[in-house]
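Worksheet for the structure shown next.
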Amino acid sequence: MARLAQTAGLTDIQQEILSTVRDFVDKEIIPVATELEHRDEYPQQIVDGLKELGLFGLMIPEEYGGLGESLLTYALCVEEIARGWMSVSGIINTHFIVAYMLKQHGTQEQKDHYLPRMAAGDIRGAFSMSEPGLGSDVSAITSKAVRDGDEYVLNGQKMWLTNGGTSSLVAVLVRSDEGHPEGTAPHKSMTTFLIEKEPGFGEVRPGLTIPGKIDKMGYKGVDTTELIMDGLRLPADRVLGGVTGRGFYQMMDGVEVGRVNVAARGCGVAQRAFELGVQYAQQRHTFGKPIAQHQAIQFKLAEMATKVEAAHAMMVNAARKKDSGERNDLEAGMAKYLASEYCKEVVEDAFRIHGGYGFSKEYEIERLYREAPMLLIGEGTAEIQKMIIGRRLLEEYRFQG
């Protein structure tokens, strides 16, 4: 029988890339993921392996040293990596969002300066919108940049930076009122700044502090941090695209890529949960036969597999829509919403199949059970996705009466 979640119409190059990534996941990630996760240890050896494979440059154009592949190829690679350990997919996701924003919106000088080193994995990216009191209301950002001669001075506190400590380039969204009079719509007075810093914690450059890792229920290994700007000075050429007031649109463009990524992560984690569940169901015996032969378990496996297939199909559709150059916020929102919800349900069903053993840290499903909830909130909650979907549907099906 073929594996679940196969993708039709892939090129030979795409199939070769996916095969290479799948082998790497099976040999280098799955055997060590649970142990590293329990220690909350950054997977440096795995990251070095991804760098050798060229995955940090997967979507960066060839002219900058990358592989120039599509969002679909990237999403399918993320699906495979998340199947091994979701935290590793988070390490490359924020990197790719920053690289994508640079490719789409950066000045030529910014592209020439950053993209070759990002493709090589020598610069690792992170991005930041959220703040401690912000939640999903991006318009409420209070972090601010004020012009001072040829520089900007940034002040404020950001929250939930994936790769906040290990990154060396952070794209940060702040409010900048320069050229935007009072009363301007909030989303038109925001600017994205590119901040270079030293990897690590504490004061990583004058005026910029990464306090330390946030202790989390799951999604361990990858560092999640705050970012504090206190008189941080940046030259004017660190404004993404060179013009203030465009940051909101730049970030939203990047987040659409991020939502496809979260959908891909949900697909990968759900696939792994199904694999663990169907395997355990054939090994565990009750009442004289494998539990897989009990109708109740077969029904559960059938539902799990169907959800894996459906989520994968929606994720692929959203990636292909973005690759075609079309607006994909509807498809990305649907894919992210469905894949994250189905992932939670598939993981819980696999957990139930394991019975009491699923509660033991010796079994991999315990880790997945703690990881799946992050997908329900990452890159926008289910409620935010439904708002996006609803608004776009009303645009497409506007009543003309």
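Remember, predicted model here, so these are calculated numbers, not experimental data.
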Looking at Val98 and Ala171, what are the two nearest heavy atoms and their distance?
CG2-CB, 4.2 Å
Side chain Glu80, main chain Leu76, donor-acceptor under 3.5 Å
no
Please check if any side-chain donor atom of Ser360 sits under 3.5 Å from a side-chain acceptor atom of Glu362, or the reverse.
no
Out of curiosity, Ser128 OG to Met229 CE, how far, rounded to the nearest 0.5 Å?
7.0 Å
May I ask you to decide whether Arg259 forms a salt bridge with Asp329, counting only side-chain N to carboxylate O separations under 4.0 Å?
no
Kindly say whether Ser143 contributes a backbone atom to a donor-acceptor pair with the side chain of Glu131 at under 3.5 angstrom?
yes
Any side-chain heavy atom of Leu50 sitting closer than 4.5 Å to one from Ile81?
yes
Return the set of residues passing ring pair (Phe, Tyr, Trp, His ring centres under 6.0 Å) with Phe96 (not counting sequence neighbours), or none when no residue passes.
Tyr74
More than 12 heavy atoms of other residues, nucleotides or ligands under 6.0 Å from NZ of Lys213: yes or no?
yes
Value rounded to 0.5 Å, distance of CG in Leu154 from CG in Leu208:
9.5 Å
Backbone of Thr107 reached by a side-chain donor or acceptor of Gln110 within 3.5 Å:
yes
Name all residues meeting the salt bridge (charged side-chain N to carboxylate O under 4.0 Å, His left out) criterion together with Asp148; count only those two or more places apart in sequence or in a different chain, and write none if there are none.
Arg233
For Phe201, all residues meeting ring pair (Phe, Tyr, Trp, His ring centres under 6.0 Å), sequence neighbours excluded
none
Pair Glu348 + Lys344, salt bridge at N-O below 4.0 Å
no
Any donor-acceptor pair under 3.5 Å linking the side chain of Glu226 with the backbone of Thr209?
no
Specify whether His95 and Phe56 have parallel, tilted or perpendicular ring planes, treating 30° as the upper limit for parallel and 60° as the lower limit for perpendicular.
perpendicular
Spacing of NZ belonging to Lys361 relative to NE2 belonging to His38, to within rounding of 0.5 Å
5.0 Å
Looking at CD of Gln157 and CG of Asp230, how far apart are the two atoms once the value is rounded to the nearest 0.5 Å?
11.0 Å
